[in-house]
Amino acid sequence: NQSNNNNNNNKTDRNFEHHHEKKMKYCTKPVPLLILILGFLVSSRANASYYVTTNDADLGQPNEDAAAGNPLKGFLTNPDWSSPPYLDDIPSSLEFYYIGLNQVMTGLNTFDWETYLEPRLSDTASRNKHTILRFVLDTPSKATYVPQFLIDGALSFNSYETYGGGQSPDYTDENLLVALEQFIAAFGARYDADPRLGFVQVGLLGFWGEWHTYTGDSATTNWIPDSTRDRVVTAFDSAFSVTRLQVRYPYTAASEAGFGLHDDSFAHSTVLDGALYGGADMSWFFWPRVQSAGVTDFWKTSVMGGELRPELQSSIFSESYPTGTDYHQDFNLCVDTTHATYSLNYHAFATGYTDSNELDRAKAANNRMGYSFRVTKVEVSESSVPTEVEVAVTVTQTGVAPFYYPLNLTLSCAGGTLKSLPGVEAIINNGDISTFNFINIPSTLECLDEIKIGLASNYAYLGNPIKFAQGITGDTHVTLGVPLPPQTTPSPITPQPTQNPTSAPITPDPTQNPTPA
């Protein structure tokens, strides 16, 4: 029931490790076999005889600020919009980039990753943050991002005037579709499982890569046929087995492939909230579409994110924000309903929230997103080996979403002991608990005087470790000391009669080999 976390960054090993995880993405019902396996790994040893039980109150009071800025969650910005160093009043662990396809794709089978993409990935990693990427072809009011070789090959475009105007490529063109498939395959071959990447938004199709061409004119809504969407989904699903993928709206093929979602009008048209609607059916809102697609539990295996609607970013945490009115939804309600892990919020890092109450609400909203874990019980029992003890650690999920990559619970103490158990990412729902049993822990004062419990993942930078939401802000571990087990408590020393020393010197026996120390 234990294993050492000796994982390295070898992609082959990670793909093997995630093979079962990839298959699980397709399941919509619990799998008994997986439950049995996890039960074996984190069984609660109900019959154990514990000589120490440390409960909630002794392990650090709940403190979401202690976990602020945890990896792969919370508010973020785009460094291309607000150049670093940007405001850091709100701790952030993610950064987002739009990348034009023509900025990396120079021919049907040729790519330039180094000029535009790599510097951004490296810069973000240097700040101990993970990158979220979206590749685009068409951004309204900007020049096309279609690669030049496709334009030279007579790709046709549809013009539009909405949102500042632009050129929408012909999404039925076979040369374009083959090029997209070639790009996706090359992108996945190079970057799937790259630990600098947090999540990849599929993008590519539609305005801003959001999979729609809505202009108010019904004639434009069908510019992207489902057959094109299907080919893009199939290509991404084949190219990526580790890095988590997202699409803008629930789409059958993407949902079946286990893709997550991103709502880029978050808190504007996310849920059915507000007196204006009175519970009326607003079927085009984000969450009603998720409900209609029957995938409301997608967040349990696939990440939910998006962008806080730009025109709401500066006011949503103010006292005067008209919550519940037309297109002014409650941020916390939207997070709790959708189980959002992150949200793009340019205002927070460019202008910031100058009012202290506003800033406090924004910080609380930042903490509210994604996962949050606490150690809620530690129990120590004697082992069958007199020089060892066993330590059972109970972890509780207090967030709205899981951690979407492998996450281990660690136990360390002085003398070089470091144990690691997998499975924290399997604690999904708020209030769920799992107990992890560490064995072969030395029953020495040196070790038991200071036991450290932590979280570890290949997807966490050393400069920004994953922290528990409890105790003192700044602590990276839950630390406690426990007494020696009763059977190893030192016995009183009984004085022995004094022996008179022998006056003659002791002569070594040359036939005996000395015993090594």
Side-chain angles (χ1 to χ4, degrees), residues 3-22 25 67 69-74 76-79 84 91-97 99 104 111 113-114 116-135 184-202 236-237 239-246 258-260 262 301-303 305 341-342 370-371 373 401-410 418 420-426 454-467 476:
S3 65
N4 288 319
N5 184 24
N6 293 324
N7 297 334
N8 54 38
N9 286 329
N10 181 274
K11 180 178 176 181
T12 302
D13 291 343
R14 282 197 301 272
N15 284 341
F16 177 80
E17 181 181 5
H18 285 263
H19 177 70
H20 74 281
E21 185 178 68
K22 175 71 172 177
K25 293 199 302 179
N70 256 351
L72 298 166
K73 59 170 288 187
L76 65 150
T77 190
N78 184 333
S92 175
S93 66
L94 290 162
E95 292 181 343
F96 173 83
Y97 296 100
I99 308 290
V104 297
F111 305 90
W113 309 108
E114 302 298 331
Y116 196 85
L117 177 58
E118 271 297 325
R120 284 162 172 76
L121 293 177
S122 297
D123 286 350
T124 294
S126 73
R127 293 185 282 273
N128 294 308
K129 300 177 189 289
H130 293 87
T131 296
I132 299 174
L133 287 179
R134 186 196 304 177
F135 285 89
I184 295 165
F187 178 37
R190 182 178 174 103
Y191 288 106
D192 183 32
D194 188 318
R196 297 173 299 175
L197 279 181
F199 312 110
V200 170
Q201 297 178 356
V202 169
F236 265 103
D237 191 39
F240 285 83
S241 61
V242 176
T243 303
R244 300 295 183 153
L245 305 172
Q246 298 175 279
F259 293 9
H262 58 94
T301 54
S302 309
V303 67
T341 282
Y342 71 84
Y371 65 90
F373 297 109
F403 188 86
Y404 291 100
Y405 294 102
L407 181 58
N408 284 19
L409 189 71
T410 65
L418 175 60
S420 184
L421 293 175
V424 181
E425 75 279 3
L455 294 164
S457 172
N458 287 339
Y459 278 80
Y461 293 111
L462 292 177
N464 186 27
I466 303 169
K467 302 169 286 293
T476 58

> Side-chain contact, heavy-atom cut-off 4.5 Å: Pro71 with Asn464?
Replying inline: yes

> Which atom names give the shortest non-hydrogen contact between Gly69 and Ser93, and what distance separates them?
Replying inline: O-CB, 3.5 Å

> Is a side-chain donor or acceptor of Glu118 paired with a backbone partner of Trp113 at a separation under 3.5 angstrom?
Replying inline: no

> Do Ser457 and Ile466 have side-chain heavy atoms sitting under 4.5 Å apart?
Replying inline: yes

> Can you name the closest pair of heavy atoms from Leu94 and Lys73 and give their distance?
Replying inline: CD1-N, 3.6 Å

>> Restricting to non-hydrogen atoms, name the atom on Asn458 and the atom on Pro195 that form the minimum distance, rounded to 0.1 Å.
In response: O-CB, 4.0 Å

>> I'd like to know whether Tyr371 forms a side-chain contact (heavy atoms from CB on, under 4.5 Å) with Val424, so could you lay out the CA-CA distance, the side-chain angles of the two residues, the decisive distance to 0.1 Å, and finally the verdict.
In response: CA-CA 11 Å; Tyr371 65 90; Val424 181; over 6 Å; no

> What about the rings of Tyr342 and His262, do their centers lie closer together than 6.0 Å?
Replying inline: no

> Do Tyr459 and Val242 come close enough that some side-chain heavy atom pair is under 4.5 Å?
Replying inline: yes

> Heavy atoms, side chains only, cut-off 4.5 Å: are Phe403 and Leu455 in contact?
Replying inline: no

>> So Phe236 and Val200, do their side chains get closer than 4.5 Å, heavy atoms only?
In response: yes

> Do Phe111 and Leu117 pass the side-chain contact (heavy atoms from CB on, under 4.5 Å) test, and can you show the C-alpha distance, the side-chain angles, and the key distance before you say yes or no?
Replying inline: CA-CA 11 Å; Phe111 305 90; Leu117 177 58; over 6 Å; no

> Would you say the side-chain atoms of Arg244 pair up with the backbone N or O of Thr301, donor to acceptor, closer than 3.5 Å?
Replying inline: yes

>> Could you report the tightest heavy-atom contact between Thr341 and Tyr404, atom names first, then the distance?
In response: OG1-CE1, 3.4 Å

>> Do Thr243 and Phe199 make a side-chain contact, defined as non-hydrogen atoms from C-beta onward lying under 4.5 Å apart?
In response: no

>> If you take the centroid of each ring, where Trp contributes its six-membered ring, are Tyr191 and Phe240 closer together than 6.0 Å?
In response: no

>> Out of the candidates Leu72, Thr124, Leu76, only one should pair with His130 under the side chain to side chain contact (heavy atoms under 4.5 Å, CB included) rule; please name it.
In response: Leu72

>> Hydrogens and angles aside, do Ser241 and Asp192 bring a side-chain donor and acceptor to less than 3.5 Å of each other?
In response: yes

> When you look at Asp123 and Glu95, which way does the side-chain contact (heavy atoms from CB on, under 4.5 Å) test go after all the steps?
Replying inline: CA-CA 10 Å; Asp123 286 350; Glu95 292 181 343; over 6 Å; no

> Below 4.5 Å, heavy atoms only, C-beta onward: do Tyr97 and Thr131 meet side chain to side chain?
Replying inline: yes

> Is there side-chain contact between Phe187 and Val104, with heavy atoms separated by less than 4.5 Å?
Replying inline: no

> If you take all heavy atoms of Glu425 and Leu407, which pair is closest and at what distance?
Replying inline: OE1-N, 2.9 Å

> Could you go step by step and tell me if Tyr461 and Arg196 meet the side-chain contact (heavy atoms from CB on, under 4.5 Å) rule?
Replying inline: CA-CA 9 Å; Tyr461 293 111; Arg196 297 173 299 175; 3.8 Å; yes

